Protein chains: 2
Amino acid sequence: MLPTKVSIFEVGARDGLQNEAPVTTADKLTLIQQLADAGVKRIEAGSFVSPKWVPQMADSDAVFQQLKHQINRQSGVVYSALTPNLKGFELALAAGADEVAIFGAASESFSQKNINCSIDESIARFIPLIEQAKKHNIAVRGYVSCVLGCPYEGHINVSEVARVSEILYQMGCYEISLGDTIGVGTPTDARKMVEAVANVVPVDKLALHFHDTYGQALANILACLETGVSVFDTSVAGLGGCPYAKGASGNLATEDLVYMLHGMGIDTGIDLAKLALAGDTISRALGRTNGSKVANAIRA
Amino acid sequence: MLPTKVSIFEVGARDGLQNEAPVTTADKLTLIQQLADAGVKRIEAGSFVSPKWVPQMADSDAVFQQLKHQINRQSGVVYSALTPNLKGFELALAAGADEVAIFGAASESFSQKNINCSIDESIARFIPLIEQAKKHNIAVRGYVSCVLGCPYEGHINVSEVARVSEILYQMGCYEISLGDTIGVGTPTDARKMVEAVANVVPVDKLALHFHDTYGQALANILACLETGVSVFDTSVAGLGGCPYAKGASGNLATEDLVYMLHGMGIDTGIDLAKLALAGDTISRALGRTNGSKVANAIRA
């Protein structure tokens with residue numbers, strides 16, 4: 001059974017832009033405003049990480065402060081921030097983020113190489129963050145990376161994806177977003193992985209976050225739609241790239257997913273033409289080709 | 001039930017290159033040789049149409065004449081030529097094509113605007129060609145265009161796709177290739193269309209030829225795989241474009257399909273690394289970015 005309605009969690013302004021050349025704060029606010037105008041209800045608008053590590057997100061505080069005053073702030077749009085630790089959470093809270101996101105990896109090597117500690121240690125560090133979030137009534141989303149493969153160890157067991165997902169869910173994350181960080185997955189594996197996680201986390205608490213490095217993301221989502229998952233993280237204009245494969249594609253383009261879903265009679269609440277406008281505008285600001293085939297076809 | 005084995009009908013040297021800037025005959029022969037080296041067994045190598053209409057295919061005679069002497073000619077590779085009429089067929093025969101392809105549209109407007117006659121008239125004109133082909137024991141493939149939409153009339157009824165497909169099959173085409181010429185289709189419609197055609201033409205005589213204009217081709221193929229179709233027309237490096245949408249994508253990239261199929265445990269007989277080499281080589285000759293995400297990811 002296909003869902004009749006799907007929720008898009010737009011990550012272009014964070015996961016997309018953090019892998020692009022820097023843009024101005026004004027460009028980001030235009031992007032976020034145009035996304036909201038298009039009907040996108042969940043927007044990851046920045047991250048509170050060290051600007052030393054991710055200079056593209058150095059102005060996230062300014063972005064959220066400005067969003068406080070934007071008109072769409074009042075119309076049911078949720079603006080989310082990625083927060084790697086308690087300090088990041090406090091900054092996000094002060095800046096006015098509606099919700100925050102934390103992350104764990106399904107790959108031990110990835111965790112060690114990226115944050116220099118084990119998967120379990122990395123997750124344990126989020127306990128004080130989640131406590132504070134509860135106190136302030138801020139929802140916490142959990143990302144799990146490398147769910148279909150790891151740049152260091154290759155194959156990842158679905159049992160490990162399920163284990164990490166369950167821990168994050170039990171800790172209090174309201175939704176678990178399963179990330180194919182390097183975009184290597186294919187449909188049969190993607191579906192099996194989701195089915196395994198759905199045994200330990202309710203399927204309506206799952207989201208899929210598939211990068212399009214190997215052009216498989218849309219097919220993988222199609223394969224998973226029948227499991228009952230109905231939340232998908234995508235980037236307008238296919239913003240972003242892959243830090244593990246220079247020159248490769250970033251997240252799945254939101255436009256291409258919305259086009260498919262609408263064609264299948266599945267509602268997203270998004271106006272595709274307005275969405276494509278948002279992607280064209282930020283692509284021009286970046287001086288890059290729009291990575292959405294739908295957007296390029298519409299414009300042509 | 002998914003197929004265990006899929007056959008790739010590579011159309012990059014014809015459908016792809018006819019929508020690109022011209023390349024030399026030597027470039028085409030390198031492409032075709034590299035495709036054969038990668039294990040591709042069915043290669044559309046050119047078309048015998050007026051060079052006034054398609055200047056990129058003006059050297060098809062030279063291409064086929066040279067192929068006669070190539071080593072892979074003897075290793076079970078079938079080289080096909082598109083032939084719009086009896087004259088084209090005679091040229092293809094003389095040049096040594098192994099098989100030929102003819103075409104009909106599922107859209108009356110498309111037929112009228114493109115070849116200035118009705119669908120039925122256009123198909124009737126192929127009767128003498130098919131007679132000659134039978135006499136010379138040359139297999140004839142049938143293309144049906146606009147199966148999921150038309151640039152002029154939009155929606156196309158699946159009953160019309162089925163009708164035209166059945167006529168071409170009854171006339172003697174050994175395989176019917178269903179083309180989403182403008183790449184507008186989405187998975188549910190694609191599958192319904194194939195199921196409708198499979199009611200009148202045996203499913204093992206069907207092929208799918210999906211352009212990736214809206215980024216849907218791979219998902220559409222995934223949706224159709226369970227109908228039993230196991231032949232897919234694709235272009236290495238996503239060669240080609242869309243004459244109805246300048247700047248839009250061409251055929252689905254062969255590499256991206258092969259990657260998906262192999263990931264799903266479906267055999268293609270193709271060496272993906274060698275295939276990507278063929279795509280990189282022709283992309284360099286064209287001075288264009290490789291349109292295959294898999295190829296770009298592998299290179300990175």
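Everything numeric in this text was worked out from a predicted model, so none of it was measured. A, B, ... follow the sequence lines: proteins, then strands. Residue 1 opens every chain.
Within the structure, no pair that satisfies the side-chain hydrogen bond (donor to acceptor under 3.5 Å, both in side chains) test touches residues 215-228 of chain A, not counting sequence neighbours.
Closest approach of T213(A) and A297(B) over heavy atoms only: O-CB, 3.6 Å. Closest heavy-atom contact between G215(B) and L218(A): O-CD2, 3.3 Å.
Distance NZ/K293(A) to NE2/H211(B): 12.0 Å, rounded to 0.5 Å.
Looking only at heavy-atom pairs under 4.5 Å with chain B, the residue among G185(A), G183(A), S249(A) that has the most is S249(A). The candidate with the highest count of non-hydrogen atom pairs below 4.5 Å against chain A, out of V184(B), L261(B), T289(B), I182(B), is V184(B). Contacts with chain B were tallied for P187(A), S292(A), A223(A); P187(A) has the most, counting heavy-atom pairs under 4.5 Å. Of the listed residues D189(B), D212(B), L2(B), the one with more heavy-atom pairs under 4.5 angstrom with chain A than any other is D212(B).
Counting heavy atoms from C-beta on, the side chains of N296(B) and Y214(A) never come closer than 4.5 Å.
Scored by the salt bridge (Lys or Arg N to Asp or Glu O under 4.0 Å) test, D267(B) finds K5(B) as partners (sequence neighbours excluded).
Proximity to chain A (any heavy atom under 4.5 Å) is shown, for T188(B), by both the backbone and the side chain.
For NZ of K192(A), the number of neighbouring non-hydrogen atoms (other residues, nucleotides, ligands) closer than 6.0 Å is 12 at most.
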